[in-house]
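Residue numbers start from 1 in every chain, and the chains themselves are labelled A, B, ... in the order their sequence lines are given, proteins ahead of strands.
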2 protein chains.
Amino acid sequence: MTANQPAMDGGFDVLSLDCPSRLILQRIGDRWSIFVIAALSKEVLRFTQLKQRIGGITPKVLTETLRALETDGLVAREVFAEMPPRVEYRLTPLGRSLLGPISAVREWAETHVGEVLQARERAGA
Amino acid sequence: MTANQPAMDGGFDVLSLDCPSRLILQRIGDRWSIFVIAALSKEVLRFTQLKQRIGGITPKVLTETLRALETDGLVAREVFAEMPPRVEYRLTPLGRSLLGPISAVREWAETHVGEVLQARERAGA
DNA sequence: CAGTATCCTGTGAGATACTG
DNA sequence: CAGTATCTCACAGGATACTG
């Protein structure tokens, strides 16, 4: 892989455009992925349940987000041949392993969001 | 990082649109912020030095990124009244405290990016 | 129920050129 | 050196309506 020169303290060059971090941030940094992952963190959910829990998301965008997460192996989609149709979404083991890092960011955010907002105000935002 | 279940029982509602996590992900999830933070993780750097180390970034975008990070209190900008002008950028303590969480994501990425790419290929991306 | 199908818009970001 | 100033464009993502 791309172990050019260790930046920060790992074996990857964080300044490289194809650094894995970038890939992952593009996946979870978008507007909705993290909501979906959070919603599925403890429950298997159906399409409409997801839509209800994640307020404000449109079906189109929810579909896109779910397909992207599925493509990357983070979410599993199971279709039951019933009438009416039933589709269940759950995190894969890979998806579940992301909960830890996300949690680290979330905890930082909860601890420091006040400081960020203060700085923002001080700057006149 | 206490939680294996980071989602809905941490005191904050991760599914809320104004969840702190979202704010932070919007900041570090954009195309360049993490590069800037990484570049400044061990060194104080000047504008041109940043531009050189972060290949491909245009001055306009670098300026925008630095201003945003400064606004949020993550980066400090120090101007020296000299000729030719000299401006130094460094992480604030708040900015440095972000290195931990970022590192957690980076480590996950390094460990699992292969699986993600395999899943992506398997899906025909 | 679990999505598609269209249409539309804001904006992140690139290219390029110029300046105190 | 350390930025501004414009222009441009792709595309994520929203609104709305429809369907197997």
Asker: Please state how far atom CZ in A:Phe35 lies from atom C1' in D:dA12, giving the value in whole angstrom units.
Answerer: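 The answer, rounded to whole Å, is 15 Å.
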Asker: Starting at atom CG of B:Leu25, determine the distance to atom C1' of C:dG12, rounded to an integer number of angstrom.
Answerer: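 Those two atoms, CG and C1', are 17 Å apart.
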Asker: B:Ile54 CD1 to C:dA13 P: how many Å, rounded?
Answerer: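 Distance check: B:Ile54 CD1 to C:dA13 P gives 13 Å.
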Asker: So, for A:Ser21 and B:Ala109, which heavy atoms are closest and what is the spacing to 0.1 Å?
Answerer: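 Shortest heavy-atom contact: N-CB, 3.8 Å.
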Asker: Can you name the closest pair of heavy atoms from B:Glu110 and A:Pro20 and give their distance?
Answerer: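 In this case the closest contact between B:Glu110 and A:Pro20 is N-CB, 4.1 Å.
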Asker: Go through DNA chain C and write down every stem, that is, every run of at least three consecutive Watson-Crick or G-U wobble pairs with distances under 3.5 Å, as range with range.
Answerer: C:1-20 with D:1-20
Asker: What's the closest nucleotide to the side chain of A:Pro84 if the choices are D:dA2, C:dC1, D:dG3?
Answerer: C:dC1
Asker: Return the minimal non-hydrogen interatomic distance between A:Ala104 and B:Ala104, and the atom names on each side.
Answerer: CB-CB, 4.0 Å
Asker: Compare side-chain N and O positions of B:Arg86 against OP1 and OP2 of D:dG3 and report whether any pair is under 4.0 Å apart.
Answerer: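 Looking at the OP1 and OP2 atoms of D:dG3, neither is under 4.0 Å from any side-chain N or O of B:Arg86.
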Asker: Distance check needed: D:dG3 P versus B:Leu66 CG, whole Å only.
Answerer: 8 Å
Asker: Taking only N and O in the side chain of B:Arg77, is any of them less than 4.0 Å away from OP1 or OP2 of D:dG3?
Answerer: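 The answer is yes; a side-chain N or O of B:Arg77 sits under 4.0 Å from OP1 or OP2.
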Asker: Between atom CD in B:Glu82 and atom P in D:dG3, what is the gap in whole Å?
Answerer: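 Between P of D:dG3 and CD of B:Glu82: 13 Å.
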Asker: Would you mind reading off the distance between A:Tyr89 atom OH and C:dA2 atom P, rounded to a whole angstrom?
Answerer: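 Spelled out: OH on A:Tyr89 to P on C:dA2 is 8 Å.
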Asker: In B/S/- notation, 5' to 3', how is nucleotides 14-20 of chain C contacted by protein heavy atoms closer than 4.0 Å?
Answerer: BB----B
Asker: Is A:Phe80 touching bases, backbone alone, or none of the nucleic acid, heavy atoms closer than 4.0 Å?
Answerer: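 Result for A:Phe80 = nothing.
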Asker: Output yes when at least one side-chain N/O atom of A:Thr48 is less than 4.0 Å from OP1 or OP2 of C:dC1, else no.
Answerer: no
Asker: Please name the residue in the list A:Leu45, A:Leu91, A:Thr65 that meets the side chain to side chain contact (heavy atoms under 4.5 Å, CB included) test with A:Val36.
Answerer: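 Considering A:Leu45, A:Leu91, A:Thr65, a side chain to side chain contact (heavy atoms under 4.5 Å, CB included) with A:Val36 is found only for A:Thr65.
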Asker: Could you state the CG-C1' distance from A:Asp30 to C:dG10, rounded to the nearest angstrom?
Answerer: 17 Å
Asker: For the pair B:Glu43 and B:Arg53, find out whether any cationic side-chain nitrogen is under 4.0 Å from an anionic carboxylate oxygen.
Answerer: yes
Asker: Would you mind checking if A:Arg122 and A:Glu115 are paired as a salt bridge, meaning a charged N to carboxylate O distance below 4.0 Å?
Answerer: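 Between A:Arg122 and A:Glu115 there is no salt bridge, as every charged N stays at least 4.0 Å from the carboxylate O atoms.
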Asker: Is the distance from OP1 or OP2 of C:dC1 to the nearest side-chain N or O of A:Arg46 less than 4.0 Å?
Answerer: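 No, outside the criterion.
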Asker: What's the CD-C1' distance between B:Glu64 and D:dT6, to the nearest Å?
Answerer: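 Roughly 12 Å, once rounded to whole Å.
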Asker: Of the non-hydrogen atoms in B:Leu50 and B:Ala39, which two are nearest, and what is the gap between them?
Answerer: CD2-CB, 3.9 Å
Asker: Can you give me the closest heavy-atom contact between A:Gln49 and A:Val44, atom names plus distance?
Answerer: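 Here A:Gln49 and A:Val44 meet closest at OE1-O, 4.3 Å.
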Asker: Taking distance alone, no hydrogens or angles, what donor-acceptor pairs closer than 3.5 Å link side-chain atoms of residues 55-64 of chain B to residues at least two apart or in another chain?
Answerer:
from: B:Thr58; atom 1: OG1; to: B:Val61; atom 2: N; distance (Å): 3.4
from: B:Thr63; atom 1: OG1; to: B:Pro59; atom 2: O; distance (Å): 2.9

